[in-house]
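Remember, predicted model here, so these are calculated numbers, not experimental data.
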Amino acid sequence: PRLLTLWFSFTELPEDDGAAVAAGEKTRLGQHKETLTVEMEKLARRLGMCKWYPCLPQLASRTQHSYSRTRNILALLLRDLLVTFPQHAIWHISTLLSSLSKPRKEFGLVVLQNAKKKVQGDPNAAELLEEAAQLFKSLIQLSKNFPQDKHNRKMRHRITPLSALWIVPTQAALQMVWPVPDSGVTQSVPLSSPAAGGAGHSCVTSRPYFPSDQMILAKFKDVAEVCTSKARPKILTVYTVCGKSLRFLCKQEKSGDLRKDARMMEVNTVVNRLMQGEPEGRKRSLRLRTYSVICLNEECGILEFIPHTKTVRSVITDAHTQIAPRKVIPFHKDVFEGFLAFQKQYEYDLDGMASAYRTHILDWYRPFFHRWFLHRFSDPTEWLEARLNFTRSTAVWSAVGHVMGLGDRHTENMLLDETTAEMCHVDFDCLFDKGLVLQRPEIVPFRLTPNLVDAMGVTGVEGCFRRSME
């Protein structure tokens, strides 16, 4: 990726010598550009496609590069990646095929057409590339459509049945696994074999580069669930050939960009690799929970649904209303309006604002989060393990979120795994300190409310949380 960044940046530099350009002569910068381009062309031919696949998102993001020869190399690389790994690369190319930018869309369609010409001898790959545009169009329509009745939580839709063997786009399926260096010659496994869950097709894919237990998409459920959050995403159920059912979130971000979520998942993957390379990180099993984000265009996409998770808001609400009901919780809107009132009243008096917060808010919303752990994990060993998982994952997300300038961390963007108590964050549109320029700036580096501290045990932030942060 670093080499690609240098290549893209250097060939994008403008040539300032106008006299030389007008005379048809190459400037010194132009000569260096040409030399670098020739070397990159050689590298594109010499390196195997398995070396280029991990860089696919970076390649797809620079298709509108200002230097024409760089664009030509990108077109060849994307075409060859589609030919070599059609079932995996097509999900990364989807953002080009349905892009809202006309030049990007035209570039993607040209790449797709060139790839179709080279896969004529592979029936499944040819059929898959033929179905791609229609499938992505149907998924985008599902993201944009809503039921006429706002209170209706179900919505019928229809996605044309697929004839080709499509890989279910989970993160585990799309992430390349490097073979052991001394494992011998790379072998290819036909997708029609029982191990691939095929159904008579004769497509061949390079199995050593991807997990061998990949699931093949059989059909989509024709009824989607509509979520109650502000964006009202839809939960789409996918059935696989092996009989499993997986769920994906079909979402439209009118004011955001799902490509930020996809890039953040790549950052999290790098952070996980770094933490696993450290003895202390391995000892504590520190990691960031990641998931697949497929961008269909700049606004719409599908996200891998994380199983067994609930929003932190719903978990804390359960702890207040069901597990430990001491007071009747007032209507949230009333509390919010009161909060805004004393926030305006004590705008320049931080001590007075803190006192009013403790009196008017904490008196109603006492920290009861620890009771959820006692209720959910009755075995002492499970309870201790769950508390450690929660504290460590909260610490890692807080540290990474602070470095990345991550904002908008309300309790519906924070998920909790009900089986392990591991924290997971979603919705990464508010990045790079964007929260500081909002109408009401977010001045805290990360979310650490009394309820979150309450779940960490008697030591609070001075125990496992601080050690994990350090």
Taking it one step at a time, do Gln58 and Thr5 satisfy side-chain hydrogen bond (donor to acceptor under 3.5 Å, both in side chains)?
CA-CA 9 Å; Gln58 188 177 6; Thr5 301; 3.1 Å; yes

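- The environment of NZ in Lys310 is crowded: more than 12 heavy-atom neighbours from other residues, nucleotides or ligands sit within 6.0 Å.
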Going through the checks in order, is the side-chain hydrogen bond (donor to acceptor under 3.5 Å, both in side chains) test met by Gln171 and Thr290?
CA-CA 8 Å; Gln171 188 185 43; Thr290 56; 2.7 Å; yes

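- With a 6.0 Å radius and a threshold of 12 heavy atoms from other residues, nucleotides or ligands, His402 has its NE2 atom at or below the threshold.
- Here the closest heavy-atom approach between residue Ser314 and residue Thr311 is recorded as OG-O, 2.7 Å.
- Within the model, atoms SG of Cys430 and CE of Met404 stand 12.0 Å from one another, a figure rounded to the nearest 0.5 Å.
- At least one side-chain heavy atom of Thr394 sits less than 4.5 Å from a side-chain heavy atom of Met456.
- A salt bridge links Glu422 to Arg287: one of the charged nitrogens lies within less than 4.0 Å of a carboxylate oxygen.
- The side-chain heavy atoms of Leu59 and Leu81, taken from C-beta on, include a pair separated by under 4.5 Å.
- For the pair Ser143 and Lys234, the tightest heavy-atom approach, listed with the atom from each and the gap, is O-NZ, 2.8 Å.
- The CD1 atom of Ile294 sits 13.5 Å away from the CG atom of Leu249 when rounded to the nearest 0.5 Å.
- The residue from Lys260, Arg263, Arg409 that alone fulfils the salt bridge (Lys or Arg N to Asp or Glu O under 4.0 Å) condition with Asp429 is Lys260.
- Thr240 OG1 to Met215 CE: the interatomic distance, rounded to the nearest 0.5 Å, is 6.0 Å.
- In this structure, Asn124 contributes its side chain and Leu165 its backbone to a donor-acceptor pair below 3.5 Å.
- Scanning both residues, His88 and Ala173, for their nearest heavy atoms gives CD2-O, 3.4 Å.
- A donor-acceptor pair under 3.5 Å is absent between the side-chain atoms of Thr391 and the main chain of Leu388, judged by distance alone.
- For Ser393 (side chain) and Met423 (main-chain N/O), a donor-acceptor pair under 3.5 Å exists by modelled atom type.
- The closest side-chain heavy-atom distance from Phe368 to Ile316 is not below 4.5 Å.
- Between the side chain of Asp454 and the backbone N or O of Phe369, at least one donor-acceptor pair lies under 3.5 Å.
- Between Ile93 atom CD1 and Cys295 atom SG the span is 12.5 Å, to the nearest 0.5 Å.
- Using a 4.5 Å heavy-atom cutoff, the side chains of Leu78 and Trp52 are not in contact.
- Using cut-offs of 30° and 60° for the angle between ring planes, the Phe428 and Tyr291 rings count as parallel.
- Between Tyr53 and Phe85, the ring planes lie perpendicular to each other; the angle is over 60°, past the 30° to 60° tilted range.
- Looking at heavy atoms from C-beta onward, Ile167 lies in side-chain contact with Ile216 at the 4.5 angstrom threshold.
- The two residues Phe390 and Ala455 come nearest to each other via the heavy atoms CE2-CB, 3.5 Å.
- In this structure, the side chain of Ser292 engages the main chain of Pro169 through a donor-acceptor pair within 3.5 Å.
- Contact between Phe373 and Ala421 at its shortest, heavy atoms only, is CE2-CB, 3.6 Å.
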What do the steps show when you test Phe8 against Leu74 for side-chain contact (heavy atoms from CB on, under 4.5 Å), and what is the final call?
CA-CA 11 Å; Phe8 292 141; Leu74 285 174; 3.8 Å; yes

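- Not one N or O on the side chain of Glu299 forms a donor-acceptor pair closer than 3.5 Å with the backbone of Leu258.
- Panel note: side chain Asn268, backbone Leu288; no donor-acceptor pair is recorded below 3.5 Å.
- Note that OG of Ser94 is 9.0 Å distant from CG of Leu135, once rounded to the nearest 0.5 Å.
- In this structure the side chain of Leu97 reaches within 4.5 angstrom of the side chain of Ile90, judged on heavy atoms.
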Decide ring pair (Phe, Tyr, Trp, His ring centres under 6.0 Å) for His157 and Phe220; before the verdict, give the C-alpha distance in whole Å, the side-chain angles of both, and the deciding distance to 0.1 Å.
CA-CA 10 Å; His157 66 93; Phe220 296 93; 7.5 Å; no

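- Side-chain contact between Leu3 and Leu43 is present, with heavy atoms from C-beta onward closer than 4.5 Å.
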Please determine whether side-chain contact (heavy atoms from CB on, under 4.5 Å) holds for the pair Leu236 and Leu139, giving the CA-CA distance in whole Å, both sets of side-chain angles, and the decisive distance to 0.1 Å.
CA-CA 10 Å; Leu236 176 65; Leu139 292 174; 3.7 Å; yes

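- The aromatic rings of Trp166 and Trp91 sit perpendicular, their planes meeting at an angle over 60°, well past the 30° parallel limit.
- Enclosure of atom CZ in Arg282 by more than 12 non-hydrogen atoms of other residues, nucleotides or ligands within 6.0 angstrom is indicated.
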Please evaluate residues Met40 and Leu4 with respect to the criterion side-chain contact (heavy atoms from CB on, under 4.5 Å), reporting the C-alpha separation (whole Å), side-chain torsions for both, the decisive distance (0.1 Å), and the verdict.
CA-CA 9 Å; Met40 290 303 299; Leu4 294 179; 4.3 Å; yes

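- Between Ser398 and Arg447, every side-chain heavy-atom pair lies at or beyond the 4.5 Å cut-off.
- Put simply, CH2 on Trp397 and CG on Leu286 are 13.5 Å apart, with the number rounded to the nearest 0.5 Å.
- Residues Ala60 and His92 approach most closely at CB-O, 4.4 Å, considering heavy atoms.
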Met264 and His425: side-chain contact (heavy atoms from CB on, under 4.5 Å), yes or no, with the steps?
CA-CA 11 Å; Met264 189 63 187; His425 285 225; over 6 Å; no

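- Put simply, the side chain of Thr317 gets close to the backbone of Arg313: a donor and an acceptor are under 3.5 Å apart.
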